[in-house]
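What follows is a single structure, written as structure tokens, with notes after it.
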Amino acid sequence: LARYWRGQGYDVLHPIGWDSFGLPAENAAIKRGVDPREWTYANIAQQKASFRIYAPSFDWSRVLHTSDPEYYKWNQWIFLKMYEKGLAYRKASWVNWDPVDQTVLANEQVLADGTSERSGAMVVKKKLTQWYFRITDYADRLLEDLDQLEGKWPTKVLNMQRNWIGRSRGAEVEFEIEGRAEKVPVFTTRPDTLHGATFMVVAPDSDLAAELAAGASPEVRLQFKTYLDATQKQSEIERQNTDREKTGVFLDHFAVNPVNGERIPVWASDYVLADYGHGAIMAVPAHDQRDLDFALKFELPVRVVVNVLDEDGSPLPDPAESGIATAGEGVLINSAELDGLSKTDAIARAIEVLEERDTGRAATTYRLRDWLISRQRYWGTPIPILHAEDGSMRTVPESELPVTLPDAAGLDLKPKGSSPLGAATEWVNVTDPETGETLTRDADTMDTFVDSSWYYFRFLSSNDPTQAFDPAEAKTWAPVDQYVGGVEHAILHLLYSRFITKVMFDLGYIDFEEPFLDMLNQGMVLLDGAKMSKSKGNLVEFASELKEHGADALRVTLAFAGPPEDDIDWADVSVQGSAKFLARAWRIAHDIELAGSANADFAAGDPSLRRATHQLLADAPGLSESYKFNVVVARLMEQVNVTRKAIDSGCGVTDPAVRESAEAIAIILSLFAPYAAEDMWAMLGHEPTVALVEWPSADESLLVQEEVTMIVQVDGKVRDKVTVTPAITETDAEAQALAAPNAQRAIGDRQVVKVIVRAPKIVSIVTKPAS
RNA sequence: GCCGGAUUGGUGGAAUUGGCAGACACGGCGCACUCAAAAUGCGCUGCCGAAAGGUGUGCGGGUUCGAGUCCCGCAUCCGGCACCA
């Protein structure tokens with residue numbers, strides 16, 4: 001893509017860098033007993049050398065490594081900016097703990113099966129004081145701005161982000177609990193069903209459940225304790241199994257339904273989650289399946305308040321009898337002032353009523369949680385915060401950044417639950433030069449997703465020691481026109497990047513709110529259906545093919561195998577086939593060089609070959625811009641084939657059209673096979689480099705065909721083909737079609753009832769049996 | 001359960017707005033060159049059929065002169081989310 005846009009005359013910034021902090025590097029270094037820094041930079045050097053063989057057109061002058069102090073200084077700067085704006089804060093809460101890597105994880109790093117994205121270990125819950133970024137403040141903007149990316153980002157990614165943010169609109173309803181001064185808020189998307197709330201359920205691991213249980217009878221206290229223990233022992237997989245039977249404990253308390261004053265029992269059950277909404281719900285068993293399952297199990301009342309009809313317009317059976325909650329739309333009943341209203345109207349009215357009585361209001365909740373950025377590991381960005389003995393905190397002044405990592409020598413880096421930086425006594429202990437006060441540095445490091453959430457800004461000013469990036473450069477280049485990345489980044493990296501971009505916008509450094517205008521999710525290379533990986537040793541095959549056929553052949557193979565979004569199974573491709581194609585292309589330039597044919601006037605060239613060349617020049621840009629590189633390669637193959645034919649059995653190698661074709665091939669081929677294309681370009685007598693040659697535009701006048709094939713259909717079936725001039729009139733087209741022998745045979749003695757003419761492409765004849 | 005995507009020959013895949021389905025390759029078969037092989041070049045290659053012809057884009061319907069493409073229903077596979085109130 002970078003090469004294509006350069007060929008169109010654009011300035012292209014195609015940067016490269018290493019996101020080099022983080023657990024995988026640190027764990028590998030610990031395993032080998034070496035310094036993570038040495039290990040990381042040795043690997044970068046090796047990878048860099050390997051990259052260059054493949055001739056990506058990177059701008060190496062802007063190369064960056066996120067583990068360089070020159071880079072992570074600006075992570076700390078961003079942290080300070082966030083802290084100033086109240087977007088970075090510290091709080092104690094239940095966090096995801098990876099028992100193998102011995103660190104906390106962000107919600108986004110816990111996979112659906114409850115294991116760690118990094119170590120694969122089952123994640124456990126632990127209560128810790130940690131740093132967070134307030135991404136939830138941006139939830140609405142992160143959600144709504146996705147609409148701007150519609151059609152530019154893959155639908156899948158947009159949907160994944162929408163899902164992840166998970167906005168629900170509804171109402172917050174306050175329930176009084178007997179014997180408790182403060183009211184308890186619950187969130188519901190169905191305030192219309194408030195009259196059908198027959199009990200309340202709180203999450204067993206919530207503070208409220210503990211409080212209510214504490215005020216209950218000794219038996220209830222014991223039951224609750226047993227239940228809570230059982231809940232906390234469950235694995236994430238067990239907990240997420242939605243088929244399992246409902247369990248719960250009555251908490252010996254009653255709440256009051258604010259709309260009808262009804263006394264309803266309060267239960268604790270693990271189907272209510274402590275960290276979503278308010279950790280408590282109003283249960284409407286008639287219209288919610290989970291509540292119904294619970295009500296039937298514990299013999300709680302079920303009251304229908306929405307008259308839901310089936311397709312035929314007859315009422316659905318009573319949920320209490322059928323066991324199936326009626327969650328659909330319908331007219332409200334048994335609901336006082338809401339009776340007779342539709343769902344939408346009833347929701348609006350219910351909110352009005354709640355607001356009038358000051359017992360509730362319209363509300364929105366999100367699935368998205370604040371971003372936990374503390375990590376108890378060495379190989380990351382130190383958090384620029386100092387802690388005083390009295391528990392207060394102060395920031396490291398911007399002028400003293402970066403806070404560099406202490407030397408790893410002498411530190412025990414093994415995961416142990418607290419940051420290894422804490423043991424670097426000389427680093428941790430600081431004396432305030434003004435007050436003489438003893439301060440300790442925050443010993444945690446930042447999640448590496450902080451590093452990767454703004455690197456596209458740093459590439460603008462990689463070598464600038466005075467600022468994170470130059471806003472003037474951002475005005476020139478940013479936002480990113482084309483982002484290429486795997487779909488594995490759909491949520492984590494891309495959501496964080498969008499968030500940081502919006503923060504930068506709010507801070508006034510940039511004038512746009514979305515970082516990546518266009519996105520391509522490239523597929524993976526598989527071998528027999530499995531990911532190719534170093535650990536499986538099957539990259540060896542790749543290396544040997546590189547040695548045998550060269551980088552160009554591998555590049556062409558990757559481009560030609562299919563659309564870039566799709567996975568490629570290496571078992572299905574032929575590197576040898578690509579090498580063969582390259583040799584055929586190369587030989588055309590070679591033959592021209594051997595023939596010593598001078599640079600001639602293309603206009604004098606063979607018309608049919610010229611037409612093919614210009615058709616290619618006309619089509620290649622559109623195909624490239626829609627990422628159809630496999631088709632561009634196919635078209636190059638066709639062009640090589642017709643040119644070969646022209647040389648061997650057509651106009652001959654000295655015809656100017658052959659040179660014109662060869663030049664077009666070299667220019668377009670340079671996207672995929674830069675080495676071969678450069679060689680061809682030289683053989684054709686040109687100076688380097690073909691990579692900087694602007695693409696010639698197609699001559700439209702050459703694309704006009706003198707003859708085209710017109711299809712003749714009879715009753716929807718192709719029966720004949722007629723060669724006609726493209727300018728043929730409808731009348732002539734119809735006459736010729738009707739006269740075509742195979743069409744006549746197909747018509748036979750049937751009667752022609754209709755003729756549709758789309759000259760010069762097709763004539764469709766409709767017949768019926770002769771009467 | 002909810003949301004999204006996919007399904008085309010033996011294989012990877014192609015097919016502007018509905019207009020010749022299978023471009024281009026891989027593989028296979030045949031031929032030329034060669035003592036021979038490799039390499040290279042040329043030809044054939046969706047399926048059924050000797051041919052004429054028929055048939056064919058996951059399945060069943062529909063719209064249309066005409067559907068891989070549009071509409072309805074279904075199946076299978078892949079991905080995301082999920083006791084989210």
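None of the values given here were measured: they were computed from a predicted structure. In what follows, every heavy atom counts, from backbone to side chain, and hydrogens, waters and symmetry copies are set aside. Protein chains get the first letters and strands the later ones, always in sequence-line order, with residue 1 at the start of each.
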Tabulate below the donor-acceptor pairs under 3.5 Å that side-chain atoms of residues 196-204 of chain A make, not counting sequence neighbours, or state none.
unit_1	atom_1	unit_2	atom_2	d
A:T198	OG1	A:P301	O	2.8

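Side chains of A:T193 and A:H287: a donor-acceptor N/O pair is absent below 3.5 angstrom, by distance only. With hydrogens and angles left out, the side-chain atoms of A:T643 and A:S661 include a donor and acceptor closer than 3.5 Å. A donor and an acceptor atom, one from each side chain of A:Q751 and A:T767, are nowhere located under 3.5 Å apart.
The side chain of A:V766 has B:C65 as its nearest neighbour among B:C65, B:U55, B:C83. Distances from the side chain of A:K754 to the nucleotides B:C65, B:G4, B:A25 place B:C65 closest. Minimum atom distance to the side chain of A:V631 is reached by B:A14, of the listed B:C83, B:A14, B:C26. Considering only side-chain atoms of A:D572, the nucleotide from B:C24, B:U11, B:C81 that sits closest is B:U11. Side-chain proximity of A:L273 to B:G4, B:G53, B:C84: nearest is B:C84. Set against B:A25, B:C83, B:A21, the side chain of A:V718 has B:A21 as its closest nucleotide. For A:K645, the listed nucleotide lying nearest its side chain is B:G43; candidates were B:C81, B:G43, B:C26. Residue A:R584 has its side chain nearest to B:G41 when only B:C24, B:G41, B:C83 are considered. Nearest to the side chain of A:K156, among B:G79, B:A85, B:A15, sits B:G79. In this structure, the nucleotide among B:A85, B:C24, B:G53 sitting nearest to the side chain of A:E638 is B:C24.
Taking the C1' atoms as reference points, B:G12 lies 34 Å from B:A51, given to the whole Å.
Distance, A:I711 CD1 to B:C20 P: 7 Å, rounded to whole Å. A straight line from NZ of A:K580 to C1' of B:A38 spans 13 Å, rounded to a whole angstrom. Computed from coordinates, the A:N159 CG to B:G4 P distance equals 6 Å when rounded to whole Å. The distance from atom CZ of A:R644 to atom P of B:U40 is 13 Å, rounded to the nearest whole Å.
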**Request:** In sequence, state the C-alpha distance, the side-chain angles, and the governing distance for A:W371 and A:F449, and then conclude on ring pair (Phe, Tyr, Trp, His ring centres under 6.0 Å).
**Result:** CA-CA 10 Å; A:W371 176 13; A:F449 276 109; 7.5 Å; no

**Asked** Could you walk me through whether A:K297 and A:D293 pass the salt bridge (charged side-chain N to carboxylate O under 4.0 Å, His left out) check?
**Response** CA-CA 6 Å; A:K297 171 91 186 278; A:D293 293 343; over 6 Å; no

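Among the atoms of the strands shown, none is found under 4.0 Å from any heavy atom of A:D291. As judged by a 4.0 angstrom heavy-atom cut-off over every strand, A:V755 is placed among residues making no nucleic acid contact. Counting any heavy atom pair closer than 4.0 Å across all strands shown, A:D288 reaches no nucleic acid atom. A:K721 comes within 4.0 angstrom of a nucleotide base, judged by non-hydrogen atoms across all strands. Nucleic acid contact class of A:R719 (heavy atoms, under 4.0 Å, all strands): sugar-phosphate only. Residue A:F560 is classed as a base contact, given a heavy-atom separation below 4.0 Å to a base. The residue A:P563 sits close only to the backbone: its heavy atoms come under 4.0 Å of sugar-phosphate atoms, none of a base.
When the side-chain nitrogen and oxygen atoms of A:N641 are compared with OP1 and OP2 of B:A25, one or more of them lie within a distance under 4.0 Å. At B:A14, one or more side-chain N or O atoms of A:N630 fall inside 4.0 Å of OP1 or OP2 (strictly under the cut-off). Of the side-chain N and O atoms in A:K717, none sit less than 4.0 angstrom from OP1 or OP2 of B:C20. The side chain of A:S168 places an N or O atom within less than 4.0 Å of a non-bridging phosphate oxygen (OP1 or OP2) of B:A85. In this structure, A:R369 does not reach the B:C84 phosphate: none of its side-chain N or O atoms is under 4.0 Å from OP1 or OP2.
A perpendicular orientation is assigned to the rings of A:F672 and A:F629, their planes being inclined by more than 60° (bins at 30° and 60°).
Helical stems in RNA chain B, defined as runs of 3 or more consecutive Watson-Crick or G-U wobble pairs with donor-acceptor distances under 3.5 Å: B:1-7 with B:75-81, B:10-12 with B:24-26, B:27-32 with B:40-45, B:46-48 with B:53-55, B:58-62 with B:70-74.
For a distance-only test at 3.5 Å, the side chain of A:S764 qualifies as a donor-acceptor partner of the base of B:C65. The base of B:C83 is paired with the side chain of A:K246 by a donor and an acceptor separated by under 3.5 Å. The base of B:G19 sits within donor-acceptor range of the side chain of A:Q713, with an N or O pair under 3.5 Å.
Residues passing the ring pair (Phe, Tyr, Trp, His ring centres under 6.0 Å) test with A:H614: none are found, sequence neighbours excluded.
The side-chain heavy atoms of A:L146 and A:R498, taken from C-beta on, include a pair separated by under 4.5 Å.
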